[in-house]
Asks: 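I have a structure I would like to understand better, so I am pasting it below and will then ask my questions one at a time.
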Amino acid sequence: MNERADVAVSVAEEEMKNPLLVALGERVRNLRARRGLTRKAVALSAGVSERHLANLEYGTGNASILVLQQVSTALQCSLAELLGDVTTRSPEWLLIRELLERRGEADLRRARIALSELLDSPSSDPARSRRIALIGLRGAGKSTLGQMLADDLEVPFIELSREIEKIAGCSVREIHDLYGTNAYRRYERRALEEAVQIYGEVVIATPGGIVSDPATFNELLAHCLTVWLQAAPEEHMGRVAAQGDTRPMAASKEAMDDLRRILTGRAAFYSKADLTVDTSGRDLAQSFQALRAAVRESLSEPA
């Protein structure tokens, strides 16, 4: 009878284990086995007790992030591999990641383009250079300059935000409020895909956060000549306010701090654009001339 009770308690304990901790423990065991290390050796190297490591391996120990960092160092792997990001799913993923680690931005860009071509992604789309996508933060002038550029090139102009609203049947704000950010990103991806299918020549003004979803941004880079309309944070804020939207200025210091953080966080992605046009300190006419010249030069047309 006692034996049955012990079994029941053991089963109940197993069922109560947190699935995340169980998966983490399994990865620790597998990594240790792959490297041929004993639990004692890993515990010693990581500076934790063998019992603590055992609890971690069996999903009963909730280790701090610092302990996990120590364990990953002892196992000679990255913290990401220990926690189980997408690049830990197979040996091929791990080998590819190893090839790319410690490479510079230029090498990584070449690798991304080569992989796209190798995997038959439409990165070699012949119409790519005739679809011009403007990226950048709100207030960069994407809508105004985009329409002017489209008129100059005699091609259609679309605002992707408006296309998103058409597909969803409600405003961007309502999409976020009713369905959440993930749903908005799905509509954004669909709107971009439809625009690429419909237009062989077009100027597209994209939402500022389009770089937040790697899959959508890859789609944009593959099918469009991208132009980052760059400006100082103060100019972004001033232009939005000049359009009559005073909401960003409601808490001026906090808003500016947030804007700087967003720009800092997205700048590395914006910089992947084919062209960069800095509109800081330029009026509308000067900004348009800079954009027009950059695009026409890229298209090998006389300015």
Side-chain angles (χ1 to χ4, degrees), residues 1-103 108 111-112 115 119 175-189 209 211-219 261-262 264-266 268-269:
M1 189 70 177
N2 288 339
E3 186 175 337
R4 289 183 179 179
D6 289 342
V7 170
V9 169
S10 178
V11 171
E13 287 176 348
E14 286 295 320
E15 290 178 348
M16 290 176 62
K17 285 183 179 179
N18 185 294
L20 177 63
L21 295 179
V22 171
L24 174 62
E26 184 178 358
R27 279 191 294 276
V28 173
R29 290 199 307 274
N30 290 340
L31 284 165
R32 183 166 60 78
R34 191 184 305 164
R35 284 154 178 75
L37 296 171
T38 64
R39 186 180 296 148
K40 182 175 183 179
V42 173
L44 184 64
S45 179
V48 299
S49 71
E50 194 172 344
R51 180 181 178 80
H52 191 67
L53 183 60
N55 288 337
L56 177 62
E57 289 191 355
Y58 287 101
T60 59
N62 190 352
S64 72
I65 194 70
L66 291 177
V67 169
L68 293 179
Q69 179 67 67
Q70 291 167 227
V71 171
S72 70
T73 300
L75 291 170
Q76 298 178 329
C77 69
S78 68
L79 187 57
E81 185 175 352
L82 185 69
L83 295 176
D85 72 349
V86 66
T87 63
T88 67
R89 289 181 180 173
S90 72
E92 289 297 344
W93 259 118
L94 292 171
L95 291 171
I96 290 170
R97 192 178 70 181
E98 175 62 28
L99 287 174
L100 298 178
E101 279 183 342
R102 294 178 294 280
R103 299 284 182 176
L108 292 173
R112 172 175 57 80
L115 277 172
L119 299 175
I175 296 171
H176 282 287
D177 291 345
L178 294 173
Y179 309 116
T181 301
N182 289 339
Y184 172 80
R185 293 298 170 209
R186 289 195 297 271
Y187 284 123
E188 183 178 61
R189 176 73 180 272
V211 299
S212 301
D213 184 81
T216 303
F217 192 42
N218 263 331
E219 186 81 3
R261 277 193 291 270
I262 292 171
T264 299
R266 292 179 180 171
F269 292 93

Asks: With sequence neighbours excluded, what pairs up with E98 under the salt bridge (Lys or Arg N to Asp or Glu O under 4.0 Å) test?
Replies: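 Applying salt bridge (Lys or Arg N to Asp or Glu O under 4.0 Å) to E98 gives R102.
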Asks: If we only count heavy atoms from C-beta on, is the L79 to I65 side-chain gap below 4.5 Å?
Replies: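 In short, these two side chains touch, coming nearer than 4.5 Å.
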Asks: Taking side chain as C-beta onward, heavy atoms only, is L24 less than 4.5 Å from N18?
Replies: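 With C-beta onward as the side chain, the pair stays apart.
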Asks: How far does CG of L56 sit from CG of L82, to the nearest 0.5 angstrom?
Replies: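 CG of L82 is found 7.5 Å from CG of L56.
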Asks: Can you give each donor-acceptor pair under 3.5 Å made by side-chain atoms of residues 45-54, sequence neighbours left out, with the distance rounded to 0.1 Å?
Replies:
| unit_1 | atom_1 | unit_2 | atom_2 | d |
| --- | --- | --- | --- | --- |
| S49 | OG | H52 | N | 2.9 |

Asks: Is there any side-chain hydrogen bond (donor to acceptor under 3.5 Å, both in side chains) pair reaching into residues 21-33, and which pairs are they, with sequence neighbours excluded?
Replies: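 Residue pairs passing side-chain hydrogen bond (donor to acceptor under 3.5 Å, both in side chains), neighbours aside: R32-E57.
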Asks: In chain order, what residues pass the side-chain contact (heavy atoms from CB on, under 4.5 Å) check against T38, with sequence neighbours excluded?
Replies: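 Counting only residues at least two positions away or on another chain, T38 forms a side-chain contact (heavy atoms from CB on, under 4.5 Å) with K40, A41.
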Asks: Would you give me the side-chain donor-acceptor pairs under 3.5 Å for residues 178-186, sequence neighbours excluded?
Replies:
| unit_1 | atom_1 | unit_2 | atom_2 | d |
| --- | --- | --- | --- | --- |
| R185 | NH1 | E188 | OE1 | 3.0 |
| R185 | NH1 | E188 | OE2 | 3.3 |
| R185 | NH1 | G209 | O | 3.2 |

Asks: Can you tell me how far the CD atom of E101 sits from the CG atom of L94, to the nearest 0.5 Å?
Replies: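 Rounded to the nearest 0.5 Å, the CD-CG separation comes out at 9.5 Å.
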Asks: Among residues at least two apart in sequence or on other chains, which ones pass side-chain contact (heavy atoms from CB on, under 4.5 Å) with T73?
Replies: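 Only Q69 meet the side-chain contact (heavy atoms from CB on, under 4.5 Å) criterion with T73.
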Asks: Under 4.5 Å between any side-chain heavy atoms of T60 and L21, yes or no?
Replies: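 A side-chain contact is absent here, since even the closest heavy-atom pair is not under 4.5 Å.
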